[in-house]
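Each ligand, and each atom within it, is numbered from 1 in the order the structure gives.
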Amino acid sequence: MNVIGVLTSGGDAPGMNAAIRAVVRTAKYYDMKVMGVRKGYEGLVHGDIFEMTARDVSDIMHQGGTILQTARSLEFKQIEGVRRAISTARYFGIEGIVVIGGDGSLKGARDLCTEGMPTVGIPGTIDNDIPYTEYTIGFDTAVNTAKEAVDKIRDTATSHERCNIIKVMGRSSGNIALNVGIATGAEAILIPEREIDFTRDILGPINAGKKRNKKHYIIILAEGVQDSDGLEKQIESETGIETRTTILGYVQRGGSPTVVDRVYASQMGSYAVELLKDGTGNRIIGVDKNRVFDIDIYEGLDMPRIIREDLIELSKILSI
Ligand code: F6P
């Protein structure tokens, strides 16, 4: 292939810029032309497309967000939208596309493949919730941002002997919560993959902590488990411990990417171009045992979700 397109789609994630940079620089290295698509599939459908030079990606590696911007396109969810996107891409001379995004975006990439546009997907989402890969771009930065916030909240929790609930993102996945909870020594980690029993999972650790003279109670609540207001009131009324909630929200999506995110994003971006250069589409890229690899897009996206049982177990042992 000589002309490829690149877009970012869905929720932005720190490290997407490093992936874009790697796509552009690797393509230039092989004398290929790169067309940047603005605002994800929306830009592909409507032709918001421009040619990128190696200099367009200077000074972007350290920036959060995505220089190509992103969107969640309703039009692209319809088959007519996918077909229109492909004919627009062809009009711009695009022979293959690199899509950087989360679960929904990679399914969009699969639709492009099905309709005849060779596409390579790169997992980019802070949620780290895509089963075929152990890593998604943005996860490391997000959990580090959340970890710093929880460390700060712990200082004030100890001073007041309070219970603090910290709600983290993750859509329907508990991966952010589980990792942040272990990294901050939380008393309880509540994730959507496990049914929550208030007495066993919340009262139990708080009362055990009280007996051991703990001075704070940190509860990490994953998005998609339950409303934090109700939980806060229930904890206060059943334990008598003052309880406060912090919803971290979009702070987890921004910021300068960590080294881990920059290096994986660079590897994945470059790998995607290597595939397209040789005419190989219909693949998605992932990480397995710290190595970047590719897999058939249909096979990869069909894999069932798993949760790290070992981490759940570890968090219980360490929070006593
Ligand atoms: O997928 C990333 C994510 O931040 C999720 O953790 C969260 O549920 C969702 O995106 C929020 O999406 P939006 O940007 O549309 O509010």
Basic-acidic side-chain contact under 4.0 Å: Asp103, Lys107: yes
Test: Glu309 and Arg194 ion pair at under 4.0 Å: yes
Proximity of Gln252 to ligand 1 by residue part, where a heavy atom lies under 4.0 Å: neither
Residue, atom name and distance, where the atom is the protein heavy atom closest to atom 10 (O) of ligand 1: Arg253 NH1, 3.1 Å
Atoms of ligand 1 close to Tyr250 [distance to a heavy atom under 4.0 angstrom, numbered from 1]: 13 (P), 14 (O), 16 (O)
Heavy-atom nearest neighbour of atom 12 (O) of ligand 1 within options Met169, Glu223, Arg171, Arg72: Arg72
Polar contact flag, side-chain donor to acceptor under 3.5 angstrom, Asp261-Tyr135: yes
Sub-4.0 Å heavy-atom contact, Gly170 with ligand 1: yes
Per-atom contacts, ligand 1 versus Thr125 - under 4.0 Å to a heavy atom: 1 (O)
Check: Thr26 side chain, Val23 main-chain N or O, donor-acceptor pair, under 3.5 Å: no
Under 3.5 Å donor-acceptor, Thr243 side chain and Ile241 backbone: yes
Identity and distance of the protein heavy atom lying nearest atom 2 (C) of ligand 1: Asp127 OD2, 3.3 Å
Any donor-acceptor N/O pair, Tyr132 side chain to Ile285 backbone, under 3.5 Å: yes
